[in-house]
Each structure stands twice: as C-alpha cells, then as structure tokens.
Amino acid sequence: MAIKRPDQILDHEYDGIQEMDYPIPGWFNAIFYGSIVFGIAYALFYHAWGGPNLTQEFEADRKEHLALVKRANPPRVWTPKEVADAEKSPAVLATGKSLFNSKCASCHMADGGGQVGPNLTDAFWINGDGTTPFLVKTIQEGVADKGMPAWEDKFKAEEILALAVQVRAFKGTTPANPKAPEGTPIADTP
Ligand code: HEC
C-alpha cells in the first residue's frame, strides 16, 4: 500500500532528531481494530454464550478418539461354541481366577460374595441374565453411573472371556460373607 509522505515535520526535536508525521498504515489499524472485535466476540462466546471450556473440548476429543479406537478394534463377539469350550477349559478358568483376584476382588471379593459390587454367586442379576455372553458385555462396557468400571481397554478379548467364565463359575458357590441379592432373580440361568 502506498504511504502518503507529508512534508510536515512534527514540532519536537530531541538531540537533533526530528520526526515526520506519517499516518499509521491501514494494515496496522486493521489488525488493531480487528483484534479488538475478535477479543469481544471471543469473550462473549466463551464467557457469556456458553462456548465449550477446555475440559469439555478435551472430553469431546477423547470420546471421538475412543470411538475411532473402537471402530479400528471392535469388541470380539464369541460364537456359542467358543463360549462353551471356554467354559469347560481349566486353563481359561485359571486365567480368569487370577485376573479376578487381582482386578475385581477389591469390589466383588475373591469368592464373589460382593462388597462394593454385587454378589456374583447368587441367581440375581442387575445387568443381563448371568450367562457368559452377557457377563462379557458387562465386563467390557462396565456400568459407568453405578461404579462398575469398563475393562475393554485394559484386557485382551480372551482375558475378558476368561473373567466371564470365572464369574460364571461362582454361580451356586457359597461365599464367606454374601451380600444381599440385588437385581432380578434369573431362576433358569443354565
Ligand atoms: C470399583 C469397584 C468394582 C470393580 C474393581 C469391579 N466391579 Fe464389577 N461391579 C461393581 C458395581 C458397583 C457393580 C454394580 C453395577 C450395577 O449396579 O449395575 C458391578 C457389577 C458387575 C457385574 C454385573 C452384576 C449384575 O448383577 O449385573 C459383573 C459381572 C461384574 N461387576 C464383574 C466384574 C469383574 C469381572 C471385574 C474385574 C475385571 C469387576 N467387576 C470389577 C463394582 C466393581
């Protein structure tokens, strides 16, 4: 942009240095006033009109990221035969037992009798019907608003199946301090 150069010299002088009266360039004023307008709009949007705060933006990004991870790595769906084989396998049960003792016993007790979490040995279920595929689903997804964590990011699919087989094996056992039944009685859980 052409700058107008008036001859006019301002009337002050310091140590022999004089100053000419150049106008402030238009691009500078545009940035200056533009940033004021932007600042007002920014403050109104985030502080008055309910724009997302950092935590909300982070949560939204995290959700998007988890959805992508899930799409790339969908939860394993076991066939009835795979489930039946796992239920009969002592090796699977042993894996399930040791994982249960280290990760689940704090809330459900090592014998499944329940404490923070419900009793897993009785025929009462809050979620699903107590069969292995339902147990897999509950363990994978958790029950977020009831304090049961989701485990799908922490265990491999085989480990979740092993945990479900272990929970299944609790049925009908007698824990030391059984928690009172919660949920719906499912009498015919096979
Ligand atoms: C921080 C405590 C906590 C931990 C750790 C925990 N759970 Fe839970 N669990 C709960 C709570 C609370 C519930 C009840 C959820 C509800 O009310 O729907 C629950 C419910 C369940 C249920 C469904 C019971 C029903 O009646 O529907 C299963 C199965 C289960 N947990 C298995 C596990 C396994 C397997 C692990 C370890 C990998 C585990 N839980 C670890 C707290 C926990």
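Atoms within a ligand are numbered from 1 in the order they appear, just like the ligands themselves.
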Side chains of Glu87 and Thr132: any donor to acceptor distance under 3.5 Å? yes

Shortest protein heavy-atom distance from atom 15 (C) of ligand 1, along with the residue and atom involved: Lys146 CB, 3.8 Å

Lys137 with Glu141: basic N within carboxylate O range, under 4.0 Å: yes

What protein heavy atom sits nearest atom 41 (C) of ligand 1, and how far away is it? Trp151 CZ2, 3.5 Å

Min heavy-atom dist Gly183 to ligand 1 below 4.0 Å: no

Using a plain distance cutoff, I'd like to know if Ile126 has any nitrogen or oxygen under 3.5 Å from a nitrogen or oxygen of ligand 1. yes

Provide the number and element of each atom of ligand 1 under 4.0 Å from a heavy atom of Pro149. 3 (C), 4 (C), 6 (C), 7 (N), 43 (C)

Closest approach of any protein heavy atom to atom 36 (C) of ligand 1, naming residue and atom: Cys104 SG, 2.7 Å

Atom 42 (C) of ligand 1: which protein heavy atom is closest, and how many Å away? Gly147 O, 3.5 Å

Are more than 12 heavy atoms from other residues, nucleotides or ligands located less than 6.0 Å from atom NE2 of His65? no

Decide whether an N or O pair under 3.5 Å exists between Trp125 and ligand 1. no

In the protein, which heavy atom is nearest to atom 28 (C) of ligand 1, and how far is it? Leu120 CD2, 3.8 Å

Which value, rounded to the nearest 0.5 Å, describes the distance between Lys97 atom NZ and Cys104 atom SG? 11.0 Å

Report the nearest protein non-hydrogen atom to atom 18 (O) of ligand 1: residue, atom name, distance rounded to 0.1 Å. Asn127 ND2, 3.0 Å

At less than 2.8 Å, would any N/O/S atom of Met148, backbone or side chain, sit next to atom 8 (Fe) of ligand 1? yes

Of all protein heavy atoms, the one nearest atom 2 (C) of ligand 1 is Cys107 SG, 1.9 Å

Assess the pair Phe45 and Trp49: is the distance between their ring centroids shorter than 6.0 Å? no

Can you sort out which atoms of ligand 1 are near Leu135, meaning under 4.0 Å from one of its heavy atoms? 29 (C)

With atoms numbered from 1 as shown, which atoms in ligand 1 lie under 4.0 angstrom from a non-hydrogen atom of Thr138? 22 (C), 23 (C)

For Ile24, look at atom CD1 and say whether over 12 heavy atoms of other residues, nucleotides or ligands are found less than 6.0 Å away. no

When distances are taken from atom 13 (C) of ligand 1, the protein heavy atom at minimum range is Pro118 CD, 3.2 Å

May I ask you to decide if the ring planes of Phe32 and Phe28 are parallel, tilted or perpendicular, using 30° and 60° as cut-offs? parallel

Pairs of donor and acceptor atoms involving the side chains of residues 174-185, under 3.5 Å and at least two apart or interchain, shall be tabulated with distances.
unit_1	atom_1	unit_2	atom_2	d
Lys179	NZ	Gln115	O	2.9
Lys179	NZ	Val116	O	3.4
Lys179	NZ	Glu182	OE2	3.4

Check this for me - ligand 1, His108, N or O atoms closer than 3.5 angstrom, yes or no? yes

Show which atoms of ligand 1 fall inside a sub-4.0 Å distance from at least one heavy-atom site of Val116. 12 (C)

Is the backbone N or O of Gly113 less than 3.5 Å from a side-chain atom of His108, with the two atoms forming a donor-acceptor pair by type? no

Say you draw a straight line from CG of Leu66 to CZ of Arg62; how long is it, rounded to the nearest 0.5 Å? 5.0 Å

Run the numbers for me: atoms of ligand 1, each under 4.0 Å from some heavy atom of Leu163, listed by number. 38 (C)

Under 4.0 Å from a heavy atom of Ile139: give me the atoms of ligand 1 that qualify, with their elements. 35 (C)

I'd like to check which ligand 1 atoms, numbered from 1 as shown, lie under 4.0 Å from a non-hydrogen atom of Gly117. 10 (C), 11 (C), 12 (C), 42 (C)

Is it the case that the side chain of Asp15 and the backbone of Ile17 share a donor-acceptor pair, with hydrogens and angles ignored and the cut-off at 3.5 Å? no

Once the angle between the rings of Phe170 and Phe100 is folded into 0 to 90°, is it parallel (under 30°), tilted (30 to 60°) or perpendicular (over 60°)? perpendicular

